[in-house]
Amino acid sequence: NAGVTQTPKFQVLKTGQSMTLQCAQDMNHEYMSWYRQDPGMGLRLIHYSVGAGITDQGEVPNGYNVSRSTTEDFPLRLLSAAPSQTSVYFCASNGLAGGLHEQYFGPGTRLTVT
Amino acid sequence: ILNVEQSPQSLHVQEGDSTNFTCSFPSSNFYALHWYRWETAKSPEALFVMTLNGDEKKKGRISATLNTKEGYSYLYIKGSQPEDSATYLCAWISGTYKYIFGTGTRLKVLA
(Lines give C-alpha, C1' and ligand atoms only; values in the text may rest on other atoms or scores of the structure.)
Protein backbone atom coordinates (compact mmCIF):
# COMPACT_ATOMS: atom_id res chain seq x y z
CA ASN A 1 0.00 0.00 0.00
CA ALA A 2 1.96 3.04 -1.28
CA GLY A 3 -0.65 5.65 -0.30
CA VAL A 4 -0.46 8.81 -2.43
CA THR A 5 2.49 9.05 -4.82
CA GLN A 6 3.59 12.08 -6.85
CA THR A 7 6.13 12.43 -9.64
CA PRO A 8 8.42 14.17 -10.25
CA LYS A 9 9.77 15.37 -6.87
CA PHE A 10 11.52 18.35 -8.46
CA GLN A 11 11.11 20.08 -11.82
CA VAL A 12 12.52 23.18 -13.48
CA LEU A 13 10.63 24.62 -16.46
CA LYS A 14 11.16 27.56 -18.73
CA THR A 15 8.36 30.09 -19.17
CA GLY A 16 5.89 28.84 -21.78
CA GLN A 17 6.69 25.14 -21.42
CA SER A 18 3.95 22.68 -20.53
CA MET A 19 4.15 19.67 -18.28
CA THR A 20 2.05 17.19 -16.31
CA LEU A 21 2.45 16.47 -12.61
CA GLN A 22 1.43 12.91 -11.86
CA CYS A 23 -0.56 11.78 -8.83
CA ALA A 24 -1.74 8.27 -8.00
CA GLN A 25 -3.36 6.61 -4.99
CA ASP A 26 -3.95 2.94 -4.24
CA MET A 27 -6.56 3.34 -1.46
CA ASN A 28 -9.60 3.36 -3.77
CA HIS A 29 -10.41 6.90 -2.61
CA GLU A 30 -13.16 8.73 -4.45
CA TYR A 31 -11.95 12.25 -3.62
CA MET A 32 -8.67 13.60 -4.99
CA SER A 33 -7.34 17.13 -5.00
CA TRP A 34 -4.39 19.34 -5.94
CA TYR A 35 -2.98 22.18 -3.84
CA ARG A 36 -0.20 24.67 -4.17
CA GLN A 37 1.79 25.91 -1.21
CA ASP A 38 3.29 29.38 -1.29
CA PRO A 39 5.05 31.25 1.54
CA GLY A 40 2.56 33.13 3.71
CA MET A 41 -0.41 31.77 1.72
CA GLY A 42 -0.84 28.30 3.16
CA LEU A 43 -2.33 25.56 1.00
CA ARG A 44 -4.67 26.66 -1.78
CA LEU A 45 -6.96 24.30 -3.65
CA ILE A 46 -6.38 24.22 -7.43
CA HIS A 47 -8.78 21.50 -8.66
CA TYR A 48 -10.56 18.58 -7.11
CA SER A 49 -12.50 15.47 -8.12
CA VAL A 50 -15.21 13.49 -6.33
CA GLY A 51 -14.89 10.49 -8.63
CA ALA A 52 -13.79 9.26 -12.04
CA GLY A 53 -15.06 11.56 -14.78
CA ILE A 54 -15.93 14.41 -12.36
CA THR A 55 -13.70 17.42 -11.71
CA ASP A 56 -14.28 20.91 -10.37
CA GLN A 57 -12.36 24.11 -9.80
CA GLY A 58 -10.90 25.17 -6.50
CA GLU A 59 -9.64 28.55 -5.35
CA VAL A 60 -6.82 29.05 -7.89
CA PRO A 61 -7.59 27.03 -11.06
CA ASN A 62 -6.29 29.40 -13.75
CA GLY A 63 -3.39 28.00 -15.79
CA TYR A 64 -4.06 24.41 -14.74
CA ASN A 65 -6.08 21.53 -16.20
CA VAL A 66 -7.04 18.20 -14.66
CA SER A 67 -8.80 15.03 -15.72
CA ARG A 68 -9.89 11.94 -13.80
CA SER A 69 -10.22 9.00 -16.16
CA THR A 70 -9.58 6.39 -13.42
CA THR A 71 -10.15 6.29 -9.66
CA GLU A 72 -6.40 5.92 -9.07
CA ASP A 73 -4.91 8.77 -11.12
CA PHE A 74 -5.38 12.54 -11.04
CA PRO A 75 -2.78 14.33 -13.21
CA LEU A 76 -2.34 18.12 -13.11
CA ARG A 77 -1.37 19.84 -16.36
CA LEU A 78 0.36 23.19 -16.60
CA LEU A 79 -0.58 24.51 -20.02
CA SER A 80 2.00 27.29 -20.44
CA ALA A 81 4.20 27.66 -17.37
CA ALA A 82 4.67 31.11 -15.83
CA PRO A 83 7.05 32.24 -13.05
CA SER A 84 3.95 32.80 -10.85
CA GLN A 85 3.44 29.02 -10.90
CA THR A 86 6.72 28.44 -9.04
CA SER A 87 5.47 26.62 -5.96
CA VAL A 88 5.29 23.33 -4.12
CA TYR A 89 2.40 21.20 -5.36
CA PHE A 90 0.65 18.62 -3.19
CA CYS A 91 -1.81 15.98 -4.29
CA ALA A 92 -4.19 14.48 -1.72
CA SER A 93 -6.93 11.87 -1.51
CA ASN A 94 -9.81 11.01 0.85
CA GLY A 95 -12.46 8.36 1.12
CA LEU A 96 -15.94 9.79 0.53
CA ALA A 97 -18.43 7.00 1.35
CA GLY A 98 -20.60 8.03 4.31
CA GLY A 99 -18.93 11.45 4.50
CA LEU A 100 -15.53 12.94 3.79
CA HIS A 101 -12.81 10.98 5.60
CA GLU A 102 -9.34 12.12 6.65
CA GLN A 103 -7.14 13.35 3.86
CA TYR A 104 -3.81 11.77 2.88
CA PHE A 105 -1.16 13.90 1.18
CA GLY A 106 1.53 12.94 -1.30
CA PRO A 107 5.17 13.98 -0.75
CA GLY A 108 4.92 17.07 -2.95
CA THR A 109 6.49 18.32 -6.19
CA ARG A 110 8.74 21.38 -6.06
CA LEU A 111 8.36 23.30 -9.32
CA THR A 112 10.50 26.23 -10.43
CA VAL A 113 9.59 28.23 -13.53
CA THR A 114 12.36 30.48 -14.88
CA ILE B 1 -14.34 35.89 -0.18
CA LEU B 2 -14.25 32.94 2.19
CA ASN B 3 -11.61 33.24 4.86
CA VAL B 4 -10.24 30.78 7.39
CA GLU B 5 -8.11 32.41 10.04
CA GLN B 6 -5.81 30.81 12.56
CA SER B 7 -4.33 32.42 15.64
CA PRO B 8 -1.78 32.91 16.85
CA GLN B 9 0.51 32.76 13.79
CA SER B 10 3.31 31.32 15.90
CA LEU B 11 4.17 30.65 19.51
CA HIS B 12 6.94 29.30 21.66
CA VAL B 13 6.13 27.32 24.80
CA GLN B 14 8.20 25.51 27.37
CA GLU B 15 8.19 21.72 27.57
CA GLY B 16 5.34 20.64 29.83
CA ASP B 17 3.18 23.71 29.13
CA SER B 18 -0.33 23.28 27.80
CA THR B 19 -1.39 25.42 24.88
CA ASN B 20 -4.27 26.03 22.51
CA PHE B 21 -4.88 27.58 19.11
CA THR B 22 -7.94 28.92 17.32
CA CYS B 23 -9.36 28.34 13.86
CA SER B 24 -12.14 30.73 12.73
CA PHE B 25 -14.22 29.90 9.67
CA PRO B 26 -17.47 30.81 7.87
CA SER B 27 -20.48 29.40 9.71
CA SER B 28 -22.61 29.15 6.55
CA ASN B 29 -22.41 26.22 4.08
CA PHE B 30 -20.32 24.27 6.60
CA TYR B 31 -19.68 20.61 5.88
CA ALA B 32 -16.61 19.66 7.95
CA LEU B 33 -13.46 20.94 9.60
CA HIS B 34 -10.16 19.07 9.45
CA TRP B 35 -7.05 19.60 11.58
CA TYR B 36 -3.55 18.67 10.39
CA ARG B 37 -0.05 18.52 11.80
CA TRP B 38 2.69 19.59 9.38
CA GLU B 39 6.36 19.08 10.10
CA THR B 40 8.99 20.90 8.09
CA ALA B 41 10.02 19.08 4.86
CA LYS B 42 7.15 16.59 5.24
CA SER B 43 3.53 16.44 4.09
CA PRO B 44 0.57 17.43 6.27
CA GLU B 45 -0.83 14.59 8.39
CA ALA B 46 -4.50 14.42 9.39
CA LEU B 47 -5.27 14.86 13.09
CA PHE B 48 -9.04 15.21 13.32
CA VAL B 49 -12.13 15.18 11.12
CA MET B 50 -14.93 17.19 12.76
CA THR B 51 -18.44 17.54 11.41
CA LEU B 52 -21.03 18.15 14.16
CA ASN B 53 -21.52 21.21 16.30
CA GLY B 54 -20.18 20.39 19.76
CA ASP B 55 -17.83 17.67 18.46
CA GLU B 56 -14.89 16.93 20.70
CA LYS B 57 -12.06 14.73 19.44
CA LYS B 58 -8.97 13.47 21.27
CA LYS B 59 -5.76 11.74 20.23
CA GLY B 60 -3.27 11.26 23.04
CA ARG B 61 -2.41 14.70 24.47
CA ILE B 62 -4.08 16.57 21.60
CA SER B 63 -7.78 17.39 21.53
CA ALA B 64 -10.09 19.62 19.52
CA THR B 65 -13.55 21.15 19.86
CA LEU B 66 -15.94 22.51 17.25
CA ASN B 67 -18.55 25.28 17.31
CA THR B 68 -20.19 25.51 13.90
CA LYS B 69 -22.82 28.08 14.97
CA GLU B 70 -20.22 30.72 15.81
CA GLY B 71 -17.58 29.44 13.38
CA TYR B 72 -14.60 28.41 15.47
CA SER B 73 -12.59 25.38 16.53
CA TYR B 74 -9.95 25.06 19.23
CA LEU B 75 -6.98 22.70 19.23
CA TYR B 76 -5.45 21.91 22.63
CA ILE B 77 -2.11 20.31 23.43
CA LYS B 78 -1.64 19.17 27.01
CA GLY B 79 1.89 18.91 28.42
CA SER B 80 3.70 19.99 25.23
CA GLN B 81 6.78 18.02 24.22
CA PRO B 82 9.57 19.04 21.79
CA GLU B 83 8.24 16.49 19.28
CA ASP B 84 4.97 18.49 19.15
CA SER B 85 6.87 21.26 17.36
CA ALA B 86 5.17 21.65 13.97
CA THR B 87 2.71 23.81 12.09
CA TYR B 88 -0.94 23.04 12.88
CA LEU B 89 -3.36 23.66 10.03
CA CYS B 90 -7.12 23.75 9.94
CA ALA B 91 -9.22 23.39 6.80
CA TRP B 92 -12.90 24.36 6.39
CA ILE B 93 -14.79 22.20 3.91
CA SER B 94 -17.90 23.49 2.16
CA GLY B 95 -21.00 21.56 1.17
CA THR B 96 -19.50 21.13 -2.31
CA TYR B 97 -16.32 19.58 -0.83
CA LYS B 98 -14.11 22.61 -1.43
CA TYR B 99 -11.27 22.95 1.07
CA ILE B 100 -10.15 26.33 2.36
CA PHE B 101 -7.05 26.13 4.55
CA GLY B 102 -5.90 28.55 7.20
CA THR B 103 -2.28 29.68 7.13
CA GLY B 104 -1.46 27.66 10.23
CA THR B 105 -0.09 28.11 13.73
CA ARG B 106 3.64 27.42 14.02
CA LEU B 107 4.42 25.85 17.41
CA LYS B 108 7.91 25.56 18.87
CA VAL B 109 8.29 23.64 22.13
CA LEU B 110 11.49 24.48 23.97
CA ALA B 111 13.18 21.72 26.00
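In what follows, chains are A, B, ... by sequence order, proteins preceding strands, each numbered from 1.
For chain B, the nearby part of A:Gln37 is the side chain; its heavy atoms alone come within less than 4.5 Å. Residue B:Leu47: no heavy atom, backbone or side chain, is found under 4.5 Å from chain A. The contact between B:Tyr31 and chain A is made entirely by side chain atoms (from C-beta outward), counting heavy-atom distances below 4.5 Å. Contacts of A:Tyr104 with chain B are absent, with no heavy-atom separation under 4.5 Å from either backbone or side chain. If you measure heavy-atom distances from B:Thr51 to chain A, you find no contacts under 4.5 Å at all. Only the side chain of A:Val50 comes within less than 4.5 Å of a heavy atom in chain B; its backbone stays farther off. For chain B, the nearby part of A:Glu59 is the side chain; its heavy atoms alone come within less than 4.5 Å.
In this structure, B:Tyr99 has its ring center at least 6.0 angstrom away from the ring center of A:Tyr48. The ring of A:Phe105 has its center no closer than 6.0 angstrom to the ring center of B:Trp38.
The closest donor-acceptor contact from the side chain of B:Ser43 to the backbone of A:Gly106 lies under 3.5 Å. Looking only at distances, a side-chain donor or acceptor of A:Tyr31 sits under 3.5 Å from a matching main-chain atom of B:Tyr97.
Few gaps surround CZ on A:Arg44; more than 12 heavy atoms of other groups in view lie less than 6.0 Å from it. Around NZ of B:Lys42, the count of heavy atoms belonging to other residues, nucleotides or ligands within 6.0 Å does not exceed 12. Heavy atoms from other residues, nucleotides or ligands lying under 6.0 Å from CD of B:Glu39 number more than 12. Annotation: A:Arg110, atom CZ; neighbour count of heavy atoms from other residues, nucleotides and ligands within 6.0 Å does not exceed 12.
Cluster annotation: B:Val49 and B:Ile62 are assigned to distinct hydrophobic clusters (Ile/Leu/Val/Met/Phe/Trp/Tyr, side-chain heavy-atom contacts under 4.5 Å, transitive). B:Phe101 and A:Val88 fall within a single hydrophobic cluster, where Ile, Leu, Val, Met, Phe, Trp and Tyr are joined by side-chain heavy atoms under 4.5 Å apart, directly or via other members. Hydrophobic clustering of Ile, Leu, Val, Met, Phe, Trp and Tyr side chains at less than 4.5 Å, counting indirect connections, unites B:Tyr88 with B:Leu33. Note on B:Phe21: it clusters hydrophobically with B:Phe25, by side-chain heavy-atom contacts below 4.5 Å among ILVMFWY residues. Under the 4.5 Å side-chain contact rule for hydrophobic residues, B:Phe30 and B:Trp35 share a cluster.
Using a 4.5 Å heavy-atom cutoff, the side chains of B:His34 and A:Asn94 are in contact. Residues B:Ile93 and A:Leu100 have side chains in contact (heavy-atom distance under 4.5 Å, counting atoms from C-beta outward).
The distance from atom CD of B:Glu45 to atom CD of A:Gln103, rounded to the nearest 0.5 Å, is 13.0 Å.
Each of B:Ala46, B:Gly104, B:Gly102 has some count of heavy-atom pairs under 4.5 Å with chain A, and the biggest count is that of B:Ala46. Counting heavy-atom pairs closer than 4.5 Å to chain B, the top-ranked of the candidates A:Leu45, A:Asp56, A:Val4 is A:Leu45.
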message: What verdict does the side-chain contact (heavy atoms from CB on, under 4.5 Å) test give for B:Leu89 and A:Leu43, after you've listed the backbone C-alpha separation in whole Å, the side-chain angles of each residue and the deciding distance to 0.1 Å?
response: CA-CA 9 Å; B:Leu89 292 175; A:Leu43 288 167; 3.9 Å; yes

